[in-house]
Chemist: 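Just passing along the structure, written as structure tokens.
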Amino acid sequence: MARLKVAVLISGRGSNLQALLDACADPAFPAELVLVISNIATAYGLERARRAGVATRVIDHKTFANRALFDQAMDEAIQDSGAQLVCLAGFMRLLTPEFVAVWKDRLINIHPSLLPSFKGLHTHARALAAGVKLHGCTVHYVTPDLDDGPIIAQGAVPVLADDDEDRLAARVLAVEHRLYPLALRLIAEGRLSLLDGVVRVGGGSGEAALLNPAD
Ligand code: GRF
């Protein structure tokens with residue numbers, strides 16, 4: 001069966017990109033990466049993509065007069081690559097509603113909290129300050145509102161008594177690296193349906209979209 005063609009957008013170290021590259025290195029995995037775009041020329045993730053033999057593009061937002069033109073350039077590059085799905089992996093630019101509309105239901109993101117809690121930045125510090133006992137990460141469809149789209153999969157991470165921001169972030173990141181390939185697999189296998197903003201997983205138990213501490 002043809003593998004789902006995927007483009008990944010990054011801005012930085014690209015450890016989630018690496019998790020996707022590693023998953024796709026298995027010929028039996030139902031998706032393949034066809035393009036990695038970074039808005040930052042020095043992003044380490046670009047090196048990871050090159051090493052894996054995946055095409056890369058640097059599209060520097062600073063060279064565009066406005067956000068719409070930047071997004072158009074990214075859209076053209078993605079369309080040219082033949083990608084059918086776009087994964088945001090530490091991509092630190094807000095996308096225009098026009099770009100989000102073009103890629104509606106074909107654009108996903110990973111966020112380091114259990115959404116809808118802790119949208120935005122500094123999620124681990126905010127989780128510690130709030131005293132939550134369970135934290136984690138979420139893969140979701142992207143909508144025009146930040147970190148607000150339908151939830152595809154979540155990974156839960158218990159908050160420990162002696163946690164600081166770095167320790168908690170490291171444990172969440174390790175779960176992110178398992179969760180993103182899992183979510184991509186569910187999409188590529190055609191197992192998700194989206195109704196009234198709620199994602200349902202078919203062809204298995206609903207728990208397929210949950211990584212919990214007991215796993
Ligand atoms: C991750 O924590 C991800 O959840 C967030 O940005 C970070 C990217 O890290 N969206 P990396 O570049 O994948 O290592």
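Indexing begins at 1, ligand by ligand and atom by atom, following the structure's order. Along the sequence shown, residues are numbered consecutively beginning with 1.
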Chemist: Considering heavy atoms of the protein only, find what lies nearest to atom 12 (O) of ligand 1 and give residue, atom and distance to 0.1 Å.
Modeler: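 The answer is G14 N, 2.9 Å.
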Chemist: When you measure from atom 8 (C) of ligand 1 to every protein heavy atom, which one gives the shortest distance, and what is it?
Modeler: G90 CA, 3.6 Å
Chemist: Counting only heavy atoms, tell me which of A89, S15, G12 gets closest to atom 11 (P) of ligand 1.
Modeler: S15
Chemist: For atom 13 (O) of ligand 1, what's the nearest protein heavy atom and its distance?
Modeler: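 Result for atom 13 (O) of ligand 1: N16 N, 2.8 Å.
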Chemist: Hey, can you tell me if F91 and F70 have their rings parallel, tilted or perpendicular (30° and 60° cut-offs)?
Modeler: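 Parallel, since the angle between the ring planes stays under 30°.
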Chemist: Is there at least one pair of N or O atoms, one from N109 and one from ligand 1, spaced under 3.5 Å apart?
Modeler: no
Chemist: May I ask you to check whether over 12 heavy atoms, not counting those of D196, lie within 6.0 Å of atom CG?
Modeler: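 Result for CG/D196: open.
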Chemist: For a quick test of reading the model, state the closest non-hydrogen atom pair linking A89 to Y180 and the distance between them.
Modeler: CB-CE1, 4.2 Å
Chemist: Among all protein heavy atoms in this structure, tell me which lies nearest to atom 10 (N) of ligand 1, with the distance rounded to 0.1 Å.
Modeler: I110 O, 2.9 Å
Chemist: Which atom names give the shortest non-hydrogen contact between W103 and L85, and what distance separates them?
Modeler: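 Smallest interatomic distance, heavy atoms only, reads CZ3-N, 4.4 Å.
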Chemist: Is atom CZ of R200 surrounded by more than 12 heavy atoms (other residues, nucleotides or ligands) closer than 6.0 Å?
Modeler: no
Chemist: Number the atoms of ligand 1 from 1 as they appear, then name those within less than 4.0 Å of a heavy atom of R13, with their elements.
Modeler: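 With R13 as reference, the close atoms of ligand 1 come out as 9 (O), 11 (P), 12 (O), 14 (O).
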Chemist: Any carboxylate oxygen within less than 4.0 angstrom of a Lys/Arg side-chain nitrogen, looking at K119 and D145?
Modeler: no
Chemist: On a heavy-atom basis, I'd like to know which of E176, H177, H111 is closest to atom 1 (C) of ligand 1.
Modeler: E176
